[in-house]
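Accompanying notes for the structure given below.
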Amino acid sequence: MQRREKVKEAMIHAWSAYEKYAWGNDELLPQTQSGENSFGGLGATIIDSLDTLLIMGLDEQFQKAREWVANTLDFNKTYDASVFETTIRVVGGLLSTYDLSGDNIFLEKARDIADRLLPAWDTPSGIPYNIIDLAHGNAHNPGWTGGDSILADSGTEQLEFIALSQRTGDPKYQEKVEKAIVALNKTFPADGLVPIYVNPNDGTAYGTITFGAMGDSFYEYLLKAWIQGNKTSSVKPYRDMWETSMKGLVSLIRRSSPSSFAYICEKTRETLTDKMDELACFAPGMLALGSSGYGKVEAKKILSLAEELAWTCYNFYQSTHTKLSGENYLFNPGRDMSVGTTWNILRPETVESLFYLWRLTGNVTYQEWGWNIFQAFEKNCRIESGYVGLTDVNLALKDNKMQTFFLAETLKYLYLLFSPPTVIPLDEWVFNTEAHPLRIVNRNDNIAGSERQHKPTVGLQGRKTGRFGGN
């Protein structure tokens, strides 16, 4: 409980700094005590923080944020938005807050922004373009991809848009995002490993295979769409695709020498690269979460692999001077791991996996590791006006940005790591890739009218400990 309070205090510090120096802007620049609009001026930090404030019982802060959403938030902006980032942060953040509070303003706003994103799926294959002008609906892909879509950006909208169809009774959102999965399934490789560049015209894919940047959350959403759909027959194709991909993941596992750290390689054609992103540290949590869907023997193997990978990810942190992880790691024979890219931008993936492993195994070691990581953030990244990342994890050089996901994910997963399992129980909620919990409801492929009578999970009055779903 003391550790949980420390994490809550960190959230209050981060939020208060944002409120003081960057209110209404997307992100706080703590060193210069100013704000920056890196997401088109949608108040991304506010929206990303809403459910964290609720879960922690920070009602006063939440009410101020709610007023801003109700009275100031405006999506009619001539701005080229990332469909992926806007979906996971904004649509996900608003829907989660609706599920937690029952307040219709959040559902209305989620629908408004989702409607602006929908034209991105109007492609020959149904695989979306990754960028769209929010005011005019013009969709395209970034120039640097040669006109192709990115795997993670195209396969990580299912949870949010399916939830929106469930909450509104309008099937159009679900139909759009599931069309993309159908298209990817048509050319799905035998090992389930899809390269990161996907042609939006015919769905063919090429390039590197990775569980790190540009690949990661596609695999996560295959599993979570199955969980979101209550593991019924209508969502079994998601589970089947995911299990195929996990066979592929196992084929990419290598172990370092001399310490035998398990890691996930990247692959280009037939060539394996001994490199692993910190972003890929979501995989231990995903494997643990999906292990229960297997038979007993296979489940044990998958969970054991999850625990091995979590140990590697924890050592990404332990291996540096600051005890904070770099962005990626290289593995060389006889030398175990070494930092590749040296920055740390307050990422959540390792603590996310520690949260799942603690929940699913009850092993308090994961709480200890999480506490060590939290203390390293406190020591190296906390300044008077918020939290900053590091440009070098060995030299402890600070950057000038407090990423929205630090409040949405890193602090939330740390808080939940030290909370009873009855707070956001995993059999009632599924987290999107930005750590926004969405309530699991019975899937209804006819949609119409399903869930129109949405009941709030918890009233906002008199709840000081910030617990959802139990005592």
Can you name the closest pair of heavy atoms from [X] and [Y] and give their distance?
{"X": "Pro142", "Y": "Asn130", "value": "CD-CB, 4.5 Å"}
{"X": "Gly147", "Y": "Asn141", "value": "O-ND2, 3.0 Å"}
{"X": "Leu159", "Y": "Asn432", "value": "CD1-CA, 3.8 Å"}
{"X": "Glu278", "Y": "Ser325", "value": "CG-OG, 3.3 Å"}
{"X": "Phe282", "Y": "Leu279", "value": "CD2-O, 3.2 Å"}
{"X": "Ile181", "Y": "Gln158", "value": "CG1-NE2, 3.6 Å"}

Output all residues satisfying side-chain contact (heavy atoms from CB on, under 4.5 Å) with [X], sequence neighbours left out; order by chain, then residue number.
{"X": "Lys231", "result": "Trp226, Ile227, Ser292"}
{"X": "Asp115", "result": "Arg111, Leu118, Lys172, Tyr173"}
{"X": "Asn25", "result": "Ala22, Asn37"}
{"X": "Ala288", "result": "Leu303, Ala306, Leu357, Leu360"}

> Quick one: salt bridge (charged side-chain N to carboxylate O under 4.0 Å, His left out) pairs with a partner in residues 197-226, sequence neighbours left out?
Replying inline: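 Those involving residues 197-226 are Glu220-Lys224.
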
>> Any non-hydrogen side-chain atom of Leu42 less than 4.5 Å from a side-chain atom of Tyr79?
In response: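 No. Closest side-chain heavy atoms not under 4.5 Å.
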
> Are Leu407 and Asp48 close enough that some pair of their side-chain heavy atoms sits under 4.5 Å apart?
Replying inline: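 No - every pair of side-chain heavy atoms lies 4.5 Å or more apart.
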
> Any disulfide (SG to SG under 2.5 Å) pairs touching residues 275-316, not counting sequence neighbours?
Replying inline: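 Matches after skipping sequence neighbours: Cys281-Cys313.
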
State whether a side-chain donor-acceptor pair under 3.5 Å links [X] with [Y].
{"X": "Tyr413", "Y": "Glu349", "value": "no"}
{"X": "Thr391", "Y": "Asp399", "value": "no"}
{"X": "Glu160", "Y": "Tyr221", "value": "yes"}
{"X": "Thr204", "Y": "Asn199", "value": "no"}
{"X": "Thr365", "Y": "Asn363", "value": "yes"}
{"X": "Thr273", "Y": "Glu266", "value": "no"}

>> Taking side-chain hydrogen bond (donor to acceptor under 3.5 Å, both in side chains) as the definition, give me every residue that meets it alongside Thr156, ordered by chain and number, with sequence neighbours left out.
In response: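 Partners of Thr156 under the side-chain hydrogen bond (donor to acceptor under 3.5 Å, both in side chains) test: Ser217.
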
>> Could you check whether Phe355 and Phe431 have their ring centres less than 6.0 Å apart?
In response: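 Yes, ring centres under 6.0 Å apart.
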
>> So that I know where these two stand, are Phe377 and Tyr387 an aromatic pair - ring centroids less than 6.0 Å apart?
In response: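 Judged by ring-centre distance (under 6.0 Å), Phe377 and Tyr387 do not meet the cut-off.
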
> Out of curiosity, Thr145 OG1 to Met214 CE, how far, rounded to the nearest 0.5 Å?
Replying inline: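 Answer rounded to 0.5 Å: 9.5 Å.
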
Partner set under salt bridge (charged side-chain N to carboxylate O under 4.0 Å, His left out) for [X], not counting sequence neighbours:
{"X": "Glu36", "answer": "Lys401"}
{"X": "Lys179", "answer": "none"}
{"X": "Lys109", "answer": "none"}

>> With ring-ring contact (aromatic ring centres under 6.0 Å, His included) as the rule and sequence neighbours excluded, what pairs involving residues 125-154 come up?
In response: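 Non-adjacent pairs meeting ring-ring contact (aromatic ring centres under 6.0 Å, His included): zero.
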
> According to the interplanar angle, ranging from 0 to 90°, do the rings of Tyr329 and Phe316 count as parallel (below 30°), tilted (30 to 60°) or perpendicular (above 60°)?
Replying inline: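 The rings of Tyr329 and Phe316 lie parallel, inter-plane angle below 30°.
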
>> Would you call the rings of Tyr314 and Trp311 parallel, tilted or perpendicular, taking 30° and 60° as the class edges?
In response: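 Tilted.
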
> Is the count of non-hydrogen atoms from other residues, nucleotides or ligands lying under 6.0 Å from Trp343 atom CH2 greater than 12?
Replying inline: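 Open.
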
For residues 187-197, which side-chain N or O atoms pair as donor and acceptor with protein atoms under 3.5 Å away, sequence neighbours left out?
{"from": "Thr187", "atom 1": "OG1", "to": "Gly203", "atom 2": "O", "distance (Å)": "3.4"}
{"from": "Asp191", "atom 1": "OD1", "to": "Leu193", "atom 2": "N", "distance (Å)": "3.0"}

> side-chain contact (heavy atoms from CB on, under 4.5 Å) with Leu390: which of Thr342, Leu324, Leu346, Ile345?
Replying inline: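 Going through the options one by one, the only one that passes is Leu324.
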
